[in-house]
J.: 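Dumping the structure here so I can ask a few things about it.
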Amino acid sequence: MQDLSKENLPLNNFFAFIEPQKMELVMGFTGMLANQTQQTQFDAALQQVQQPEFEKEIKKLQQVLPSDQQVQLLGYKALREANKLANTSTGFTLGAKIQELPVNFDVIGFRRSNFGSFTAVMYLNEKQPSISMKDVATKLDERFLQSSSTRNSPRVTK
């Protein structure tokens, strides 16, 4: 995931929405991938997440973190259904404990044309989030499609 560093890809629009009563958080980064090199790098980073080595790295990280840490990683699961969004996409769920509070992080990264996004929904274990990660990603994708079709529409002048 080093390919997604700020120097390589301009994912510089950050957003976060918090639902404190339900202990939920929706957050992410979006950005325009101005050229083919950036789009290729973004796609390569998405492909890395789909490789078995990524899951192995998560499991190694679980073992390396001291047990007295504020954050403990509990498990990883690929979200295969997330691989069907936009031009390219991937997703996974990561279980964790944050200060003894068991949570899940559902994460989807996708690219549509020159728009890239990584988004996550954090919610309590054993609960359903108010909005699914797939719904968040789909809404972002729809917004991009609306925005790009508006920019590409011929202007009518009087």
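Just so we're clear, the structure is a prediction, and the values are computed from it rather than from any experiment.
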J.: Taking only residues two or more places apart in sequence, or in another chain, which ones meet Ser117 in a side-chain contact (heavy atoms from CB on, under 4.5 Å)?
T.: Thr30, Phe110, Phe115, Thr119, Leu140

J.: Quick one: pull up CG in Asn125 and CE in Met23 and give me the separation to the nearest 0.5 Å.
T.: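 Rounded to the nearest 0.5 Å, the CG-CE separation comes out at 12.0 Å.
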
J.: I'd like to check Thr90 versus Phe54 (side-chain heavy atoms, cut-off strictly below 4.5 Å). Are they in contact?
T.: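 Of all side-chain heavy-atom pairs linking Phe54 with Thr90, none is under 4.5 Å.
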
J.: Do Val107 and Met133 touch side chain to side chain, with heavy atoms closer than 4.5 Å?
T.: no

J.: Taking the side chain as every heavy atom from C-beta outward, state whether Asn114 and Phe144 have any pair of such atoms under 4.5 Å apart.
T.: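 Asn114 reaches Phe144 side chain to side chain.
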
J.: Report the C-alpha separation of Val121 and Leu25 in whole Å, then their side-chain angles, then the decisive distance to 0.1 Å, and conclude whether the side-chain contact (heavy atoms from CB on, under 4.5 Å) test is met.
T.: CA-CA 6 Å; Val121 173; Leu25 171 68; over 6 Å; no

J.: With a 4.5 Å cut-off on side-chain heavy atoms, are Arg112 and Leu145 touching?
T.: yes

J.: Just jot down the side-chain contact (heavy atoms from CB on, under 4.5 Å) partners of Gln36, sequence neighbours excluded, or say none.
T.: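 Checked Gln36 against side-chain contact (heavy atoms from CB on, under 4.5 Å); matches are Gln39, Thr40.
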
J.: Taking side chain to side chain donor-acceptor pair (under 3.5 Å) as the definition, give me every residue that meets it alongside Tyr76, ordered by chain and number, with sequence neighbours left out.
T.: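 Side chain to side chain donor-acceptor pair (under 3.5 Å) list for Tyr76, sorted by chain: empty.
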
J.: Using the rule that Ile, Leu, Val, Met, Phe, Trp and Tyr join whenever any side-chain heavy atoms are under 4.5 Å apart, tell me whether Phe15 and Ile108 fall into a single cluster.
T.: yes

J.: Just how far is it from atom CZ of Phe42 to atom CG of Asn87, taken to the nearest 0.5 Å?
T.: 10.5 Å

J.: Can you list the residues that meet the ring pair (Phe, Tyr, Trp, His ring centres under 6.0 Å) rule with Phe29, with sequence neighbours excluded?
T.: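 Per chain and number, Phe29 pairs via ring pair (Phe, Tyr, Trp, His ring centres under 6.0 Å) with Phe14.
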
J.: Please answer whether the main-chain N or O of Ala86 pairs with a side-chain N or O of Ser89 as donor and acceptor at a distance below 3.5 Å.
T.: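 Such a contact is absent between Ser89 side chain and Ala86 backbone.
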
J.: Take Leu46 and Phe118 through the side-chain contact (heavy atoms from CB on, under 4.5 Å) test and state the conclusion after the steps.
T.: CA-CA 10 Å; Leu46 293 179; Phe118 269 96; 3.5 Å; yes

J.: Glu57: what forms a side chain to side chain donor-acceptor pair (under 3.5 Å) with it, not counting sequence neighbours?
T.: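 So Glu57 forms a side chain to side chain donor-acceptor pair (under 3.5 Å) with Lys60.
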
J.: So, using ring pair (Phe, Tyr, Trp, His ring centres under 6.0 Å) as the criterion, who are the partners of Phe105 when residues are at least two apart?
T.: none

J.: Can you give me the closest heavy-atom contact between Gly95 and Asn104, atom names plus distance?
T.: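 Closest approach of Gly95 to Asn104, heavy atoms only: CA-OD1, 3.7 Å.
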
J.: Identify the heavy atoms of Gly75 and Leu94 that sit nearest to each other, and give their distance.
T.: O-CD1, 3.1 Å

J.: Drop me the distance from Met27's CE to Phe17's CZ, to the nearest 0.5 angstrom.
T.: 12.5 Å

J.: Determine whether Leu85 and Asp141 satisfy the following criterion, side-chain contact (heavy atoms from CB on, under 4.5 Å), listing intermediate values before the conclusion.
T.: CA-CA 8 Å; Leu85 181 67; Asp141 190 32; 3.9 Å; yes

J.: The criterion is side chain to side chain donor-acceptor pair (under 3.5 Å); which residues satisfy it with Thr88, sequence neighbours excluded?
T.: none

J.: Spell out, yes or no, whether Ile131 and Leu79 are grouped together once hydrophobic residues are joined by side-chain heavy atoms under 4.5 Å, including indirect joins.
T.: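 Result: no, two separate clusters.
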
J.: Which residue pairs pass the salt bridge (Lys or Arg N to Asp or Glu O under 4.0 Å) test when at least one of the two sits in residues 14-37, sequence neighbours left out?
T.: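 Checked against salt bridge (Lys or Arg N to Asp or Glu O under 4.0 Å) - neighbours excluded - no pair reaches residues 14-37.
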
J.: For Arg80, which residues count as a side-chain contact (heavy atoms from CB on, under 4.5 Å) partner, sequence neighbours excluded?
T.: Ala78, Asn83

J.: Kindly state each residue pair satisfying salt bridge (Lys or Arg N to Asp or Glu O under 4.0 Å) with at least one member in residues 41-52, sequence neighbours excluded.
T.: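 As it turns out, the salt bridge (Lys or Arg N to Asp or Glu O under 4.0 Å) pairs with a partner in residues 41-52, which skip direct neighbours, are Asp43-Arg111.
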
J.: Show, in sequence, the C-alpha distance, side-chain angles and deciding distance for Ile98 and Met122, and conclude whether the side-chain contact (heavy atoms from CB on, under 4.5 Å) test is met.
T.: CA-CA 11 Å; Ile98 301 175; Met122 184 200 80; 4.2 Å; yes

J.: Which residue pairs satisfy the salt bridge (Lys or Arg N to Asp or Glu O under 4.0 Å) criterion with at least one member in residues 117-137, sequence neighbours excluded?
T.: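 Listed once each, the pairs would be none.
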
J.: Among residues at least two apart in sequence or on other chains, which ones pass side chain to side chain donor-acceptor pair (under 3.5 Å) with Glu55?
T.: Lys59

J.: Which distance, rounded to the nearest 0.5 Å, do you find between the OG of Ser113 and the CE of Met32?
T.: 7.0 Å

